[in-house]
Trainee: 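Dropping the structure in here first, questions after.
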Amino acid sequence: MILKTNNLCKKYQHEDGQVNALNNVSFEVNKGDFVTITGASGSGKTTLLLTLAGLIKSTSGQVQINGFDVISASDRKLSEFRKDHIGFVMQSFALIPYLTAIENVMLPLTLSKLSKDQKYKKAFNMLQLVDLENRKNHLPKELSAGQQQRVAIARALVNSPTLILADEPTGNLDPGLSSDILHLLKKINQQENITILMVTHSPLAAEFGNRKINLINGEIN
Ligand SMILES: Nc1ncnc2c1ncn2[C@@H]1O[C@H](COP(=O)(O)OP(=O)(O)OP(=O)(O)O)[C@@H](O)[C@H]1O
Ligand SMILES: [Mg+2]
């Protein structure tokens, strides 16, 4: 087992009232699982991913990833843990506009002890994996949407994370490109045995996983 949540709750306090975004969410994920998370807009999917990663604080409940207690960890320990174990792929690619593809992929290695050459080599290998080594010196604006998303995936993978958290990674792409990205994630999942949790609106995309979680108003149904 690589991830376990127990009675996870998240309430947002807002001047217009409290929002119960997650209600007693409990589930377990095994190493190598490809879990898809579906649910209507506002059902708590993004909140779940952010809470799992400790990027927002839960109101109550437990989260353990690889035996690490996300809820009780200090901010410093948490960011270290994220850097070493979690890769994020978000809907908007969030590439740095003035850095080339390979420089974007190298970013997560900034704080690592590797030499510049080793960092470059690692990033290059990741670009090869997503089939973009011939675009390594392109800026994001000189890449297509699907290529930008593949750079974002390469960046999420460069630290060899144990877990990938993906929030609508194909949300902005046309069906053909979506399918490419989904196949790529599946390949990473199967070849590298990296565990993936992927939020998606698309029933077709949800079929790529081996397990499904559906949220309704912040509860697993
Ligand atoms: N910072 C916040 N403060 C108050 N309420 C919030 C905040 N962030 C999200 N919410 C509310 O929490 C609920 C869950 O939001 P969340 O972003 O997790 O939904 P989602 O399932 O990811 O939706 P979508 O599919 O539209 O991205 C929503 O009702 C939203 O309005
Ligand atoms: Mg969302």
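The structure displayed is predicted, hence computed values, not measured ones. Whatever order the structure lists ligands and atoms in, that order sets their numbers, starting from 1. Position 1 is the first residue of the sequence; numbering continues from there.
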Trainee: Does NZ or CZ of Lys10 fall inside the cone over Tyr12's six-membered ring, less than 6.0 Å from its centre and within 45° of the axis?
Mentor: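 Pair Lys10/Tyr12 counts as cation-pi.
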
Trainee: For ligand 1, is there an N or O atom under 3.5 Å from any N or O atom of Val19?
Mentor: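 No.
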
Trainee: With a sphere of 6.0 Å drawn around CD1 of Ile96, does it hold more than 12 non-hydrogen atoms of other residues, nucleotides or ligands?
Mentor: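 Check passes, neighbour count above 12.
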
Trainee: With heavy-atom distances below 4.5 Å as the criterion, would you say the side chains of Leu163 and Val29 are in contact?
Mentor: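 They are not in contact (no side-chain heavy atoms under 4.5 Å apart), so the answer is no.
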
Trainee: Looking at atom 16 (P) of ligand 1, what's its closest protein heavy atom, distance included?
Mentor: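 Closest protein heavy atom to atom 16 (P) of ligand 1: Thr47 OG1, 3.5 Å.
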
Trainee: So, is Gly39 polar-close to ligand 1, with some N/O to N/O distance under 3.5 Å?
Mentor: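 No; the residue has no nitrogen or oxygen that sits under 3.5 Å from a nitrogen or oxygen of the ligand.
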
Trainee: When you check the gap from the basic side-chain N to the acidic O, do Glu207 and Lys212 get nearer than 4.0 Å?
Mentor: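 Here Glu207 pairs with Lys212 in a salt bridge, since their nearest N and O are under 4.0 Å apart.
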
Trainee: Pull out every atom of ligand 1 sitting under 4.0 Å from any heavy atom of Ala21, numbered as shown with elements.
Mentor: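 Under 4.0 Å from Ala21, ligand 1 has these atoms: 12 (O).
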
Trainee: Please check this pair: side chain of Lys11 against backbone of Gln18, looking for a donor-acceptor N/O pair closer than 3.5 Å.
Mentor: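 No, Lys11 side chain to Gln18 backbone: no donor-acceptor pair under 3.5 Å.
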
Trainee: Does atom 2 (C) of ligand 1 have a protein heavy-atom neighbour under 4.0 Å away?
Mentor: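 Yes; the ligand atom in question has protein heavy-atom contact below 4.0 Å.
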
Trainee: Does the Thr38 side chain pair with the main chain of His201, one donor and one acceptor, at a distance under 3.5 Å?
Mentor: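 Side chain of Thr38 to backbone of His201: no pair is present.
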
Trainee: What is the closest protein heavy atom to atom 25 (O) of ligand 1, and at what distance does it sit?
Mentor: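 Atom 25 (O) of ligand 1 sits closest to the protein heavy atom Lys45 NZ, 2.7 Å.
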
Trainee: Is a side-chain donor or acceptor of Gln148 paired with a backbone partner of Pro140 at a separation under 3.5 angstrom?
Mentor: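 Confirmed, Gln148 side chain pairs with Pro140 backbone.
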
Trainee: Starting from atom 26 (O) of ligand 1, what is the nearest protein heavy atom, named by residue and atom, and what distance separates them?
Mentor: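 Of the protein heavy atoms, Ser41 OG, 2.7 Å lies nearest.
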
Trainee: Does the plane of the ring in His183 sit parallel, tilted or perpendicular to the ring in Phe208? Use 30° and 60° as the thresholds.
Mentor: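 If you compare the ring of His183 with that of Phe208, the planes turn out perpendicular.
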
Trainee: Show all protein N/O/S atoms under 2.8 Å from the Mg ion (ligand 2), or state that there are none.
Mentor: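 Under 2.8 Å from the Mg ion (ligand 2) - ignoring waters, which are not counted - the protein N, O or S atoms are Thr46 OG1.
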
Trainee: Do any non-hydrogen protein atoms sit less than 4.0 Å from atom 31 (O) of ligand 1?
Mentor: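 Neighbour list for atom 31 (O) of ligand 1 is empty of protein heavy atoms (cut-off 4.0 Å).
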
Trainee: Can you name the atoms of ligand 1, numbered from 1 with element, that are less than 4.0 Å from a heavy atom of Gly44?
Mentor: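 Those of ligand 1 that fall under 4.0 Å from Gly44 are 14 (C), 18 (O), 19 (O), 20 (P), 21 (O).
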
Trainee: Among all protein heavy atoms, pick the one closest to atom 13 (C) of ligand 1 and tell me residue, atom and distance.
Mentor: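 Here the nearest protein heavy atom works out to Gly42 O, 3.6 Å.
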
Trainee: Taking side chain as C-beta onward, heavy atoms only, is Val105 less than 4.5 Å from Phe124?
Mentor: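 The answer is no, as the side chains (C-beta and beyond) never meet within the 4.5 Å cut-off.
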
Trainee: When you measure from the side chain of Glu219 to the backbone of Asn24, do you find a donor-acceptor pair of N or O atoms at a distance under 3.5 Å?
Mentor: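 Judged by distance alone, no pair lies under 3.5 Å.
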
Trainee: Give me the nearest non-hydrogen protein atom to atom 9 (C) of ligand 1 as residue plus atom name, then the distance to 0.1 Å.
Mentor: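 Minimum-distance protein heavy atom for atom 9 (C) of ligand 1 reads Tyr12 CE1, 3.4 Å.
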
Trainee: Output the list of atoms in ligand 1 that are nearer than 4.0 Å to some heavy atom of Ala40, sorted by atom number.
Mentor: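 The list of qualifying atoms is 21 (O).
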
Trainee: Show the atoms of ligand 1 that are less than 4.0 angstrom away from any heavy atom in His201.
Mentor: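 Per the distance check, 25 (O).
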
Trainee: Is any side-chain heavy atom of Pro97 less than 4.5 Å from a side-chain heavy atom of Lys141?
Mentor: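 Pro97 vs Lys141: side chains apart.
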
Trainee: Is it the case that over 12 heavy atoms from other parts of the model lie below 6.0 angstrom from the NZ atom of Lys31?
Mentor: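 Yes.
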
Trainee: Determine yes or no for a side-chain-to-main-chain donor-acceptor pair under 3.5 angstrom, with Ser26 supplying the side chain and Asn7 the backbone.
Mentor: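 Such a contact is found between Ser26 side chain and Asn7 backbone.
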
Trainee: Would you mind checking which non-hydrogen protein atom is closest to atom 17 (O) of ligand 1, with the distance to 0.1 Å?
Mentor: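 Of the protein heavy atoms, Thr46 CB, 3.8 Å lies nearest.
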
